[in-house]
Amino acid sequence: MKTLQEAQEILKKYYTAQQQVVNESGVKMEMLWVSRKYAHSQDVFKISQYLIENDEVLKKFDDKYKLYGQISALLHDIGRAYEVGDMKEKVKPHGHYGADIILKQVEKEDNPFILIPVKYHGDLEAEENARKELEEIDNLSDEEKEMVIMLLKL
């Protein structure tokens, strides 16, 4: 994924598909859930943009890392699109489902700067778990691994 536009399209694709499913089911709470989670993802993205432009540390990042931060913020809850109906229990934890199933397997995303922040956001042991996964990635420098951790905290 190279642009915010691509990330927006992916987010919209998954939430639109789930919105159709819940609309057909007629379960009003699930209809509201899906639409609210889509709006929440957009809100988190806007907050990330503000932070990246205004935080003393984040605004010094290279543009590519700023982009990765924005993309991961936008897609952080893509797995939540499926927390309805029969799928509700199958997608937990939703960060793992979003990163490992939707983004990595289906969308063929392989960028750890996007996948790891999506996967571990909201995880009580996020940094520890992310660091364990990063240990297994040989093609990132120590500085790049620390950048992934910074993006996870965004």
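Bear in mind that the values here come from a model prediction, so they are computed numbers and not experimental data.
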Would you say the side-chain atoms of D55 pair up with the backbone N or O of L51, donor to acceptor, closer than 3.5 Å? no
If you group Ile, Leu, Val, Met, Phe, Trp and Tyr by side-chain heavy-atom gaps below 4.5 Å, do I47 and F45 land in one group? yes
Side-chain heavy-atom pair F61, I52 within 4.5 angstrom cut-off: no
What pair of heavy atoms forms the shortest contact from I149 to A130, and how long is it? CD1-CB, 3.8 Å
Answer yes or no: is there a donor N or O on one side and an acceptor on the other, between the side chain of E6 and the main chain of T3, under 3.5 Å? yes
Once you round to the nearest 0.5 Å, how far does NZ of K119 lie from OG of S72? 14.5 Å
From CA spacing to verdict: salt bridge (Lys or Arg N to Asp or Glu O under 4.0 Å), K37, D43: CA-CA 10 Å; K37 282 297 164 184; D43 291 343; over 6 Å; no
Could I get the full list of side chain to side chain donor-acceptor pair (under 3.5 Å) partners for K12, not counting sequence neighbours? none
Does any part of the side chain of Y65, heavy atoms only, come nearer than 4.5 Å to the side chain of E144, both counted from C-beta? yes
With a 4.5 Å cut-off on side-chain heavy-atom distances among I, L, V, M, F, W and Y, is there a chain of contacts connecting L152 to L124? no
Derivation of the salt bridge (Lys or Arg N to Asp or Glu O under 4.0 Å) call for E146 and R131: CA-CA 9 Å; E146 287 307 311; R131 286 189 185 283; 2.6 Å; yes
If two hydrophobic side chains count as joined below 4.5 Å and joins carry through other members, does V21 share a cluster with I102? no
Flag side-chain contact, heavy atom, 4.5 Å: P112 against L140: yes
In the structure I gave you, are the side-chain heavy atoms of M1 and L103 within less than 4.5 Å of one another anywhere? yes
E24 and Q20: side chain donor to acceptor below 3.5 Å: no
Evaluate Y68 against D62 for side-chain contact (heavy atoms from CB on, under 4.5 Å), listing each step before the verdict. CA-CA 10 Å; Y68 299 152; D62 183 275; over 6 Å; no
On a heavy-atom basis, which atom in P117 and which in V148 lie closest, and how many Å separate them? CG-O, 4.2 Å
L151 to G69 - nearest heavy-atom pair and separation: CD2-CA, 3.7 Å
Linked, directly or transitively: I114 and V44 (ILVMFWY side chains, under 4.5 Å): no
Under the salt bridge (Lys or Arg N to Asp or Glu O under 4.0 Å) rule, what do D110 and K104 come out as? Steps first, then yes or no, please. CA-CA 6 Å; D110 65 352; K104 192 172 189 175; over 6 Å; no
Hey, are Y14 and E107 close enough side-chain-wise for a donor-acceptor pair under 3.5 Å? yes
If a pair satisfies ring-ring contact (aromatic ring centres under 6.0 Å, His included) and one of its residues is in residues 119-154, list it, with sequence neighbours excluded. H76-H121, H94-H121, H96-Y120
List the steps, then state whether side-chain contact (heavy atoms from CB on, under 4.5 Å) holds for L75 with L11. CA-CA 6 Å; L75 298 177; L11 183 73; 3.9 Å; yes
Does any N or O in the side chain of S35 come within less than 3.5 Å of the main-chain N or O of L32, such that one atom is a donor and the other an acceptor? yes
Closer than 4.0 angstrom, basic N to acidic O: yes or no for E135 and K145? no
Looking at K59, is its backbone amide N or carbonyl O close enough to the side chain of K66 to form a donor-acceptor pair, meaning the two atoms are under 3.5 Å apart? yes
Hey, are Q19 and N23 close enough side-chain-wise for a donor-acceptor pair under 3.5 Å? yes
Salt bridge (charged side-chain N to carboxylate O under 4.0 Å, His left out) partners of E83, counting only residues at least two apart: R80
Beyond-backbone contact of F113 with I71, side-chain heavy atoms, under 4.5 angstrom: no
Count I, L, V, M, F, W, Y as connected when their side-chain heavy atoms are under 4.5 Å apart, and connections chain through other members. Are L4 and L115 then in the same cluster? yes
Please report the C-alpha distance between M29 and V22 in whole Å, then the side-chain angles of each, then the deciding distance to 0.1 Å, and finally whether the side-chain contact (heavy atoms from CB on, under 4.5 Å) criterion is met. CA-CA 9 Å; M29 287 303 291; V22 295; over 6 Å; no
For E53 and Q49: C-alpha separation, side-chain torsions, deciding distance, then whether side chain to side chain donor-acceptor pair (under 3.5 Å) applies. CA-CA 6 Å; E53 292 170 8; Q49 284 183 305; 5.3 Å; no
Among K92, M87, K90, the one residue meeting side-chain contact (heavy atoms from CB on, under 4.5 Å) with Y97: M87
Any side-chain donor near an acceptor of the partner, Q18 and E30, under 3.5 Å: no
Atom CG of N54 with >12 non-hydrogen neighbours under 6.0 angstrom: yes
Measuring from atom CD of E133 to atom CD1 of I116, what distance do you get when rounded to the nearest 0.5 angstrom? 4.5 Å
Using the side-chain contact (heavy atoms from CB on, under 4.5 Å) rule, take L74 and Q42 through it: C-alpha gap first, then chi angles, then the decisive distance, then the call. CA-CA 6 Å; L74 180 64; Q42 296 291 340; 4.0 Å; yes
